[in-house]
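Numbered from 1 within each chain, the chains take letters A, B, ... in sequence-line order.
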Number of protein chains: 4
Amino acid sequence: MEIFESDAYQAVLEAVEKAEGRMAPKKRLAVLAALDCFAEYGYDGTSTKLIAERAGIAEATIFRHFPSKRDLLLRIAAPVVRHILTPAASREATELARQHAGEPRLILREVMLSRLHFMRVYEPLVKIVLQEILVNQDLRAIFEREVGGLFQQIAPIVAMFGPKTDLDRERFFRILGGLLLGYHLQRTLVSPDHGWSDEEEVDFMVGLIFDGLNATT
Amino acid sequence: MEIFESDAYQAVLEAVEKAEGRMAPKKRLAVLAALDCFAEYGYDGTSTKLIAERAGIAEATIFRHFPSKRDLLLRIAAPVVRHILTPAASREATELARQHAGEPRLILREVMLSRLHFMRVYEPLVKIVLQEILVNQDLRAIFEREVGGLFQQIAPIVAMFGPKTDLDRERFFRILGGLLLGYHLQRTLVSPDHGWSDEEEVDFMVGLIFDGLNATT
Amino acid sequence: MEIFESDAYQAVLEAVEKAEGRMAPKKRLAVLAALDCFAEYGYDGTSTKLIAERAGIAEATIFRHFPSKRDLLLRIAAPVVRHILTPAASREATELARQHAGEPRLILREVMLSRLHFMRVYEPLVKIVLQEILVNQDLRAIFEREVGGLFQQIAPIVAMFGPKTDLDRERFFRILGGLLLGYHLQRTLVSPDHGWSDEEEVDFMVGLIFDGLNATT
Amino acid sequence: MEIFESDAYQAVLEAVEKAEGRMAPKKRLAVLAALDCFAEYGYDGTSTKLIAERAGIAEATIFRHFPSKRDLLLRIAAPVVRHILTPAASREATELARQHAGEPRLILREVMLSRLHFMRVYEPLVKIVLQEILVNQDLRAIFEREVGGLFQQIAPIVAMFGPKTDLDRERFFRILGGLLLGYHLQRTLVSPDHGWSDEEEVDFMVGLIFDGLNATT
DNA sequence: CATGAATGAGCTTTCATTCAT
DNA sequence: GATGAATGAAAGCTCATTCAT
């Protein structure tokens, strides 16, 4: 199943394995195939039969390892949303803030680059989460809780960039998310062949955030 | 069926009717119910039986008017993506550019407000499109074509805001989209009960775009 | 609808009209389209929607003229089976027997040729009857009654060819039917492009019937 | 399910099993019930629900073993048309030709008797094939290919009966088919209660073929 | 005479899931 | 741990037919 050997898939696999413990080989295949199918056809557009076929295992094997299809989705998405996004991001930001104290531009640049790297690495999963979060209550709950936590943790750092009130910090957070999401969608969905340079785009976005458009272009 | 009398639903209905011609009463009900269900449960999460029940019509009636469920989705989503997004937006922008020549901030403000108004009015449809565009090839094709056309039409106006190269104009476009999408998701999904003021948020975003964060907060 | 202008279709139309009286134009179209579809897809394989489309009329119009689909089939097939097959065939045979008294070979030849001509002319209907008679009780009843009547009427003529007992006459009848059916299927279904000469084939079959294979080839 | 224990059904079952491999018990039931229903109501007149009920299994079980209803028909009909009709018939004819060299009447008699026995044993299937072959392209293709092959194989034996040219051999083939089909339909459909003796009828037909009617009756 | 709109009943097929082996 | 077999429920869709206009 060499289709599953890309970095993105291996990264998700590792993240899932951190929560599930060492997985049986066919369980791994199930996870990878599910990831692949969910990203391609969406959760509802993917049948367990399809997952089984793509994994080269029996349909019943999926249910030996996951009590339900819904659970399979959550057990794939949650660890990434939870263990990777949050602590990693905040730990990283804190570390960066320590290293580059007084150089907010640099901090922001590094954070954005690392978040984009993360989104690239977990690309199929990002797509799944985007898709399902609009509709799936469980996933939304997990997401909101984690993002809320993250917000708490890095609020002091955000403060370094100017925002003083809570509302302003939320805005800043939202703007960062919007810019990153917009770029990620463009580079992966709209113009995947454009030859994007993350550094260049991040520099542009950082410039925008700090100095606005006029100073940038 | 007073549930369907909100502005959002009526707006979509009108847009659909522009493409379908005058619709039979039960066809209208089918469109409205479909819209309602798709927005609530997603495309795949909605059964034609559910649509029929919510519309108070027979399931077969849906298929008398639309050859398939997939077609029903496209025939609802496409007119809005097509006839409303594109020409309206560009005509409006041109008009604004004429009125407020030399005041780019004002132009941008008005365009953003009107786009946000549009997203609010067509909220259920925006959600559907967001969901399906990641997975549905047909819808993606329609979307990309229309956005491409829109980009062509308003490129000269975008140029007024500073960007000189095509890439810069694309970036500007993407950033605008990212910011608007981020705000729309926050006001509708994340914190729907926070009493958002579109004017205030747009002013903030316009400030950011022109002067950057430091000058804004 | 020039597809319907072949001799076969017009012949059936005439036969049906003899039973139905002068038909409204759209009723004629319905009959022709039904004939065409039934012959192509079989009775069950043909939907009233398809008939309506092929006829270029509304589905409801079919039911204005025929109380049910089943009835439509019978009202097309019965007149041909009834009024054409039987009296024509026996009248013709009697006439031939009178003209060619003492020349059984000539009589048989003419009867076979005329039956083959008939099958050619009513080709689509022959196919429908063949198909449905195995399964449709009503049609089988009509067919058996008519064939029974025909058998009674021409028994004396059959006697001229040798068979003395009733069983032998039935056998003769069956053999004639089998040979004609076999040839008809071959010329229309199996090798429609072979350029068959009915005269030649009939001569062969007459030879076989009277003198056997050895004397023939 | 003692209804399925007749020789005819068991014979078809064996033939199907030769192509499908050893079948699961419920798969066998599905095949038998399908055979039964198809023969009684025709292909289109049979619903998968009816098959399931008659087999005493769940409807879904049918689709676990056969991808579609159409496929179920072909997977039942094809093996019989293919593996039974062709090689058996030709092997048998060759063998007979060896044993009864110089006695063409005897050979023909045995071949016809065995073919009639075959049609009797596979009676339900013969009916289905007759019905569907007029309308179903796939089945027609299989049939034509097999009959073509059979024709090639036994052409030398046919030559023993007199026909010299290819056309004459085809005619002989067609006549044999017509006679057999005519008798089979009479004994099963038209007068199933007349105590037919295959031997007697075959003798009659052989007589006809070799010496013609006059010498026979 | 003709039809557009509507439908209840039914169709084939797919679904996620269970269970004996 | 893994699977082939099985299934109840529900899916999307088609059917022949009715009726108001």
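Of the candidates A:Glu20, A:Glu17, A:His65, A:Lys27 forms a side-chain hydrogen bond (donor to acceptor under 3.5 Å, both in side chains) with just one, namely A:Glu20.
Place A:Ile57 and C:Gly45 on DNA chain F by their nearest nucleotides, and A:Ile57 ends up nearer the 5' end. The 5' end of DNA chain E is approached more closely, in terms of each residue's nearest nucleotide, by C:Ala60 than by the other of A:Tyr43 and C:Ala60. Of the two residues near DNA chain E, D:Phe63 and C:Thr61, the one whose nearest nucleotide lies more 5' is C:Thr61. Heavy-atom distances to DNA chain F give each of C:Lys69 and B:Pro67 a nearest nucleotide, and the one nearer the 5′ end belongs to B:Pro67.
C:Lys27 comes within 4.0 angstrom of no nucleic acid atom, judged by non-hydrogen atoms across all strands.
The distance between atom CG of D:Leu50 and atom C1' of E:dT12, rounded to the nearest whole Å, is 14 Å. Separating the CD1 atom of A:Ile51 from the P atom of F:dA2 is a distance of 16 Å, rounded to the nearest angstrom. Going from atom CD of C:Glu53 over to atom P of F:dT14 covers 11 Å, rounded to whole Å. With rounding to whole Å, C:Asp44 atom CG is found 12 Å from E:dC11 atom C1'. The nearest whole Å value for the distance from the CD atom in B:Glu59 to the P atom in F:dC15 is 15 Å. Between B:Ile62 atom CD1 and E:dG8 atom P there is a gap of 12 Å when expressed in whole angstrom units. Protein atom CE of C:Met23 is 17 Å distant from nucleotide atom C1' of E:dA2, rounded to whole Å. Protein atom CZ of A:Arg70 is 11 Å distant from nucleotide atom P of E:dA16, rounded to whole Å.
Of all nucleotides present, only E:dG10 satisfies the Watson-Crick or G-U wobble test against F:dC13, with each distance under 3.5 Å. Checking E:dA20 for Watson-Crick or G-U wobble geometry (two distances, each under 3.5 Å) identifies F:dT3 as its partner.
Phosphate contact (OP1/OP2 of E:dT17, side-chain N/O of A:Lys49, threshold under 4.0 Å): absent. Side-chain N/O atoms of D:Arg64 include none lying less than 4.0 angstrom from OP1 or OP2 on F:dA5. Look at A:Ser47 and you'll find a side-chain N or O under 4.0 angstrom from OP1 or OP2 of E:dC15. For C:Lys26, a side-chain nitrogen or oxygen approaches OP1 or OP2 of E:dT3 to under 4.0 Å. Considering only side-chain N and O atoms, A:His65 lies under 4.0 angstrom from the phosphate OP1 or OP2 of F:dA2.
For C:Ala58, taking side-chain heavy atoms from C-beta onward, the closest of the listed nucleotides E:dT3, F:dT7, F:dG12 is E:dT3.
Under a cut-off of 6.0 angstrom, the local environment of CD in A:Gln10 is crowded, with over 12 non-hydrogen atoms contributed by other residues, nucleotides or ligands. Around CZ of A:Phe143, the count of heavy atoms belonging to other residues, nucleotides or ligands within 6.0 Å does not exceed 12.
A donor-acceptor pair is defined here as one N or O able to donate and one able to accept, closer than 3.5 Å; no such pair exists between the side chain of D:Lys127 and the backbone of D:Gly42.
Ion pairing of C:Glu59 with B:Arg64 is present here, as a side-chain N (NZ or NE/NH1/NH2) and a carboxylate O approach within less than 4.0 Å.
Figure legend: D:Lys69 and D:Phe63 shown without cation-pi pairing, the cationic atom not lying both under 6.0 angstrom from the six-membered ring centre and within 45 degrees of its axis.
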